[in-house]
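First the proteins, then the strands, lettered A, B, ... as listed; each starts at 1. This structure is a prediction, so every number in the text was calculated from the model and none was measured.
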Number of protein chains: 2
Amino acid sequence: MSTFRGARQPTIKEVASRAGVSPMTVSRTLAGGRNVRPDVQERVMEAVKELGYYRNENARSLRPGQPSGLVGVAITNLANPYYGNFALGVEEVAAEHGRRILLGNTGEDDARERQLVSDFIGRQVDGLILVPTSGDAEHLRPERLGDVPLVLASRRVPGLEVDTVLLDDVGGAYRGTRSLLDAGHTRIGFLGNRSSVFTGERRYRGYERAMLEHGAAIDPRIVFRDQQDVAAAARAAKAMFDLADAPTAVFSANNRNTIGAIREIGRRIRDGEPLHPAVVSFDDFELSELMPVPVTVIDHDARLLGREAATLLFSRLDGTAEDGPRTVELPVSIEFP
Amino acid sequence: MSTFRGARQPTIKEVASRAGVSPMTVSRTLAGGRNVRPDVQERVMEAVKELGYYRNENARSLRPGQPSGLVGVAITNLANPYYGNFALGVEEVAAEHGRRILLGNTGEDDARERQLVSDFIGRQVDGLILVPTSGDAEHLRPERLGDVPLVLASRRVPGLEVDTVLLDDVGGAYRGTRSLLDAGHTRIGFLGNRSSVFTGERRYRGYERAMLEHGAAIDPRIVFRDQQDVAAAARAAKAMFDLADAPTAVFSANNRNTIGAIREIGRRIRDGEPLHPAVVSFDDFELSELMPVPVTVIDHDARLLGREAATLLFSRLDGTAEDGPRTVELPVSIEFP
DNA sequence: CTGTTAGCGCCTTCAC
DNA sequence: GTGAAGGCGCTAACAG
C-alpha cells in the first residue's frame, strides 16, 4: 500500500505518437488548428479522446508572460453567507473571462492572510482579490506582490492605494439611523463591530453623523461596538435592555449583531416584557418580515460586490484600466417593514 | 497602454546569482537546508527577501509524481449558505494538509460541471471533491479522470462507485416525520426537491416510510416535489393551504422549501387566517425559534460534511485508505421547538 | 557541501 | 503544412 503518487496524465508526446505526428502538430491543433490539414486534425483529436488527454495548464503557463488563468481570492469567513455570495460573484466573472479561482479563508487572521497571498503568488496567479483582515499593508505592497494586480473588497487597508470596491457604509448607516429619528426615536442604541474593522468604523460614523445632525445625544451606555458573533451580540442587547432607560430603537451594524439582538428581544417578548423596540439592520436576512418587532433592512448585494471586484481586476489585466487606483462604492437600499 | 503581461517574478537563478551560489544551492536551502552551510543559507535567504522571490509552484509540480498541492472543488450553489460552509470545511482540511483549493460553481449545470472537471484535471489537481449535479457518470469515471481520486459529497451518481460522504437523509426525514405522527398529525404535507435530485429522493423515502409504517395515507395533492427556490416553495405551500382539507403539518425537505413555506404561513396568519400547522424542516435556519409556528429542525453540519469529504480524499492521497470505495453517512440531529 | 547535467510538458522560433 | 531545436523554472541524480 504505497503512497499515491499522483496519477500520471498522458502527455502531448503520447498523443503525437498515437496520431503519428509530431508534438508540434498536436499543439497547433489544440491551439485552434491553424496551419494543420483538416484530416490530420481529426486524427489528432481522436488520439486526444482515446487517451483522455488534457493539456497541462501548469506547463503551459511556465512560459514567461503567459497568464496562468488563475485568480487568488482570500476572504475572511466563508461560513458567512455574505461572503459566500461574494465569492460566487467573483467566480462568475472569472469564469466569464475563462479564469479559475483559488480560494482561501483567512478567518480574520493576519498570518494566514500573508501565507495565502504568498502561496497564491507562488502559484503564479494573474491577480488577487482580497477582503483584508484589518492588518498592516507591508505584505500587500505592489513590489512585494511582484506587481500582481490586487483588488480589495469591503474594506480598505490604511496606506495602501489600490483598486477597491466598497459599500456605501456611511450613507447607508446614516439613512438607516435617520429613518429612526424621523419616526420620533431619539434614544437609539448601537450594536456593531470592533472599530478596528473598517466597516465597523464606517457604519458607526454614519450613525453618529445622523444623531449629531439631529441633535440627539449619543449615550455611550447604549453603544456596543465589540461584538463579532451572535452570542456576543445577544449579550450586548441584553445589557442594553436591562438599563432603566433602555433605548426605544436599535441600529445594528451587521447581520451577526442583528440576529443576536432579535434573539434577545424575542426572548424578552416571550417572557412577557412590554418591549417593542424598532430595529434597523445593516445587512439583510431571511424572514425579516416575520420578526416580533418591525425590522428595517439596509440591503446590499454581496454577489454584485464580488462581480465588481472581479470586473475591476480584469479591466486591469486587459489593460483597459486607467492608471490610478480606482474605488467603486456600491449603493445600498433601505427596505421598510 | 499595452495589455498587462503578467508581472514577471524573480527566478531561482536571479536569487542564485545575487547570493553568489548556484541555483541548486538555493533550491536546497528552500527545501530545508540539508547539506548547505548555515552562512550560505543565510546569504540565500537574504537574497530571497531582497528580491521578493517566491518559488514557482507550477514549475515545481511539472516533475512527474510531484503533487500540485491543488484540490479541485465543484459545488452546485455557493450562494446557498449550506455549501459555503461545506466549502469552508473542505478548505480547512486542505489547508491543514498544505493544499489549496480551486473552487468552481456548477449552478446545477451538467455542462459546466464537465468543463470545470476537465479544467481541474488540466491544472493537475491532486484530487477532486464534487457535489454532483444529477447527471450521468461518464465524464467522472476514473479512467476519464486520469485516475485522479474523486470524492462525491451530498449526492451519489448512479453507476459510479467512489468515495462518498452523505447525510443520513432517509433516517432524518423518517424521524422528523415520525415526530409529527407521534404528535397526532396524520395529514402531513411534503415539500421538497425534484426527485431527480439525490437528496430530494432520499428525504422523500424517509417521509414515505414513516407515513406507511404508521398507516397514514399519502395524499398526492399535498405532496409537492418540484421546488428549487423560495418563491416556488411559497407557491406550493399556498396551493397546499388553499385546499379544503389542508394538512395540519408540513414536512419540508430543505432550507429553501422551509423558508418559502413559512413565508406563506406567516402571510396567512397576518391576514387573520386561523392557521397553525406544525413544521418540520430538514436543514436548520437562523431564528427558527421566533417563527409564528413551531418549527422542528433536522440539523446537520455542512462544514463537517466538507471536512469529512476532504479527509476521505487525503486518506486516499496518503495511501492510508483501504481499497474499495467508502461511504460515510453523517448523522443528523433533531431539535424540537 | 556544492555544482553540472538533464528533463518534466509545452510552445515560440526557425528550418524545410 | 510540418518538424526539430531550445528554453520557460525547478530539482533528482550524479559528479566533484
Student: Output yes when a side-chain donor or acceptor of R112(B) lies under 3.5 Å from a complementary backbone atom of N105(B), and no otherwise.
Tutor: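 Pair found, side chain donor or acceptor close to backbone of N105(B).
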Student: Report the distance from atom CG of L62(B) to atom P of dG7(D), rounded to the nearest whole Å.
Tutor: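 After rounding, the gap between these two atoms is 17 Å.
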Student: What's the closest nucleotide to the R55(A) side chain, out of dC11(C), dT11(D), dC8(C)?
Tutor: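 Given the options dC11(C), dT11(D), dC8(C), the side chain of R55(A) is closest to dC11(C).
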Student: Which one, dG9(C), dC11(C), dG9(D), comes nearest to the side chain of T11(B)?
Tutor: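 Per side-chain heavy atoms of T11(B), the pick is dG9(D).
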Student: Can you tell me how far P of dC10(C) sits from OH of Y53(A), to the nearest Å?
Tutor: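 In whole Å, dC10(C) P lies 3 Å from Y53(A) OH.
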Student: Is there a side-chain contact between V73(B) and V71(B) (heavy atoms, below 4.5 Å)?
Tutor: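 They are in contact (side-chain heavy atoms under 4.5 Å apart), so the answer is yes.
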Student: Tell me: CD of E57(A) to P of dC8(D), nearest whole Å?
Tutor: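 Value for this atom pair: 21 Å.
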Student: Answer yes or no: does a side-chain N or O of R60(B) lie under 4.0 Å from OP1 or OP2 of dG9(D)?
Tutor: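 Indeed not, no polar side-chain atom of R60(B) lies that close.
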Student: Would you indicate, yes or no, if dT4(C) has its OP1 or OP2 atom less than 4.0 angstrom from a side-chain nitrogen or oxygen of S22(B)?
Tutor: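 No, outside the criterion.
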Student: Tell me whether the side-chain N/O atoms of R63(A) come closer than 4.0 Å to OP1 or OP2 in dG9(C).
Tutor: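 Checking R63(A) against dG9(C): no side-chain N or O falls below 4.0 Å of OP1 or OP2.
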Student: Check whether any side-chain nitrogen or oxygen of R28(B) sits under 4.0 Å from OP1 or OP2 of dC10(D), and answer yes or no.
Tutor: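 Indeed not, no polar side-chain atom of R28(B) lies that close.
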Student: Please confirm whether the shortest side-chain N or O distance from N56(B) to OP1 or OP2 of dG9(D) is below 4.0 Å.
Tutor: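 For N56(B), the contact criterion (side-chain N or O under 4.0 Å from OP1 or OP2 of dG9(D)) is not met.
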Student: Using only side-chain N and O atoms of Y54(B), determine if any of them is under 4.0 Å from OP1 or OP2 of dC10(D).
Tutor: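 Answer is no, no contact under 4.0 Å.
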Student: Do L330(A) and L304(A) come close enough that some side-chain heavy atom pair is under 4.5 Å?
Tutor: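 Side chain of L330(A) against side chain of L304(A), heavy atoms only: contact under 4.5 Å found.
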Student: Any side-chain heavy atom of V131(B) sitting closer than 4.5 Å to one from R155(B)?
Tutor: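 They are in side-chain contact.
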Student: Quick one: I12(A) CD1 to dC11(C) C1', roughly how many Å, whole number?
Tutor: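 From I12(A) CD1 to dC11(C) C1': 8 Å.
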Student: Return the value, rounded to whole Å, for the distance between atom CD of Q66(B) and atom P of dG9(C).
Tutor: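 So the CD-P distance, Q66(B) to dG9(C), works out to 13 Å.
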Student: Just the rounded figure in Å: distance from C1' of dA15(D) to CG of N35(B).
Tutor: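 After rounding, the reported distance stands at 14 Å.
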Student: Quick one: I121(A) CD1 to dG9(D) P, roughly how many Å, whole number?
Tutor: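 I121(A) atom CD1 is separated from dG9(D) atom P by 16 Å.
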Student: Salt bridge between R307(A) and E96(A), side-chain N to carboxylate O under 4.0 Å?
Tutor: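 Between E96(A) and R307(A) there is a salt bridge, with a charged N closer than 4.0 Å to a carboxylate O.
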Student: Taking atom C1' of dA13(D) as reference, at what distance in whole Å does atom CE of M24(B) sit?
Tutor: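 Atom-to-atom, M24(B) to dA13(D), this comes out as 9 Å.
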Student: Taking only N and O in the side chain of T25(B), is any of them less than 4.0 Å away from OP1 or OP2 of dG3(C)?
Tutor: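 So the side chain of T25(B) is within the cut-off, an N or O lying under 4.0 Å from OP1 or OP2 of dG3(C).
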